[in-house]
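Some notes on the structure that comes next.
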2 protein chains.
Amino acid sequence: MMAMDERARHLLKSLIEQHIANGVPVGSRQLAKGAGLNISPATVRNVMADLEDEGYLISPHTSAGRIPTPVGYRFFVDALLRVVPLSPESHQLLIHRLGHYIPDTEQVLHAATEVLSELTHMAGFVRVPRRANRTLRHVDFLALREKEVLAIFVTDKGDVENRLIRTEHALSAAELNQAANFFNESYGGRPLQEVIQHLQRDLQQSRHEMDRILRSAMELGEEMLEEDQQRMLIEGEFQLLDLPELAGSERLRKLLNAVRQKRDLVHLLDSSMRSSEVRLFIGEESGFAPLSDCSVVSAPYVVDGEVLGVLGVIGPMRMPYQQIIPLVDGTAHLLGRALSQS
Amino acid sequence: MMAMDERARHLLKSLIEQHIANGVPVGSRQLAKGAGLNISPATVRNVMADLEDEGYLISPHTSAGRIPTPVGYRFFVDALLRVVPLSPESHQLLIHRLGHYIPDTEQVLHAATEVLSELTHMAGFVRVPRRANRTLRHVDFLALREKEVLAIFVTDKGDVENRLIRTEHALSAAELNQAANFFNESYGGRPLQEVIQHLQRDLQQSRHEMDRILRSAMELGEEMLEEDQQRMLIEGEFQLLDLPELAGSERLRKLLNAVRQKRDLVHLLDSSMRSSEVRLFIGEESGFAPLSDCSVVSAPYVVDGEVLGVLGVIGPMRMPYQQIIPLVDGTAHLLGRALSQS
DNA sequence: TATTAGCACTCCTGATGGTTGAGTGCCAAG
DNA sequence: CTTGGCACTCAACCATCAGGAGTGCTAATA
């Protein structure tokens, strides 16, 4: 496999751009014209044949022009792509949706998901912040009824989570108050993680009724950390229905169901939290079968110097990367900013 | 339009059953055989022609047998349908999923949605309980940060809702406590509706800082009532992708997007809360364009003698009503029971 | 030596047309 | 009123064909 010369690179770039724009295989004649070089179709054919040998292109059938392979796309984005700045309109819209103060975290995340989906006409997602390092702000225990206690947790960022706890005996409001006070005094301001560890240790042996409540509360705290490992917002999956290349409905159904299940996707994305840049998964690179016809563009978002989560879009391999990349990047930045205010 | 004789009714019933089973138009030969009557195809043809004249059947094209019209389905379910009891397996599964105690309301509702979707292979939905008549249990105000207060509402059934409120001046924990105490004492145990009305009146003129918090809290309460008008769970929309009759993807996309938007659907269903029985909307009867190819089977669920919400399924007109109806009915009953325990 | 024109070949696409089979409507006989 | 018979219709299937786009190869060219 020999290195590509300048002309071959240019042709590959031009071919992929054309294919992204039209979605149909590109032939030598059309490419010769579109590339701007003064070159005959025959020459182009030679070059294309070489590129096919090297794995960048493939023809769907004998006489149908050529389309990029995943390898071709990969080379394209790594070596050929020139990212264009965000269009003023898109930027405008981004600012409009994410630029001003929104007090509710949940709302901000939704806004980000929506705006991604809207601007790209593909599926947008936001992986929600891990709360692992959040600290416990406040706990409340309310006797809802005989033998049922409602526990409410509040973290320093204002996340609220609640859960019903059944007790064996009825507990008075005073007792619950006392438990809450104990909890708040001992653990208020401490990281959730730590609170749970402490509780786990302290409650090992004791079997008092009141301790049962604390233990349940601890479980709730654990759930807040756990559940959250899975959380993810997705918007606009249905935009994918419009893609002709995914029209074979069997395939698409699999994908949509997979998106629904989200778990594996979460897995994939967590791996990309480590990078601090926009990341691209093209086709099989995601290592996630139902996505093998698609690309994923993701970027982590950062609040106060710390990566909180990932966001991005899912779409066909043939997506306008030059625009998607800055868009995802920009959204990530704005989301980071929006969240750092809250 | 003359009344149908016994034989015609039998044939119509048989035809619709066959069509529900196979999804293809039914011809005279097949119907003659399937109906069990000793009758020739020619006779059947005469009857079918009559049924077509009267609007119960239609042929997709000249020589393709006949399929039921919405009118046909309507007549079928009203006059011909014999509902079969829930199959033991389905009943088993229902009990298993909804029969035992689950403390968390949200979880119960989800379980109901899921089980509907699973057993029918169609889209299942649950319209969530209105909280209008719930009473206020407890309110908390927490100073989250300078000039930001987190308000937490708890209703008597353990629903928790929260919201960030920005204030103009910083407020001390003591002040907030005082406000919360005031709130709890004045309004604890009162219906939310009433609380809001009172607040609305009491706060009309005053402009104190603390009142601003109360006013924001009132808005939150209003939101709890409002937002909730829209809430709805849907599960298994993707099952609809499997239906050949909806395969024309354009149409389906519209439907799925509509389902996504839920609003109009909520509207439709609220109207069916008034009935205390299973209700059927066939095709256009729903008055909701994207659903015109579909039927909706819904039933209200009742807790302590009061209708809390609606649940049901969305599927093709050609659905096995004899089984779907008791299933929806049974699910509604079980959900009512499950909720009355909590 | 790299480029290009020419040419034969492949294969998709869309149009055409014939055949088949399911199904109908109608009529005349039972 | 029912039924067998019959002509007719129409979608679905299949084969065929022409057209066009595109290719690979070869030989001429700059």
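Chain naming here is simple, since letters A, B, ... match the order of the sequence lines and numbering starts at 1 in each.
Taking atom CZ on A:Arg7 and atom P on C:dT1, their separation rounds to 16 Å, with Å as the unit. Regarding B:Leu51, its CG atom lies at a distance of 17 Å from the P atom of C:dG23, rounded to whole Å. Taking atom CG on A:Leu37 and atom C1' on C:dT4, their separation rounds to 15 Å, with Å as the unit.
A donor-acceptor contact shorter than 3.5 Å is absent between the side chain of A:Arg127 and the backbone of A:Leu311. Judged by distance alone, the side chain of A:Ser59 and the main-chain N or O of A:Thr62 form no donor-acceptor pair under 3.5 Å. With hydrogens and angles disregarded, no donor-acceptor distance shorter than 3.5 Å links the side chain of B:Ser117 to the backbone of B:Thr113. For the pair B:Thr69 (side chain) and B:Tyr56 (backbone), a donor-acceptor distance under 3.5 Å is present. Panel note: side chain A:Ser275, backbone A:Ser272; no donor-acceptor pair is recorded below 3.5 Å. The backbone N or O of B:His10 lies less than 3.5 Å from no partner atom in the side chain of B:Ser14, so there is not a single donor-acceptor pair.
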How would you summarise protein contacts on nucleotides 20-30 of chain D per nucleotide, using B for base, S for sugar-phosphate only and - for none, with heavy-atom distances below 4.0 Å? -BBBB------
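A distance of 14.0 Å separates CD of A:Gln18 from CD1 of A:Ile67, quoted to the nearest 0.5 Å.
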Would you tabulate the nitrogen or oxygen pairs shorter than 3.5 Å linking the protein to nucleotides 12-19 of chain D?
none

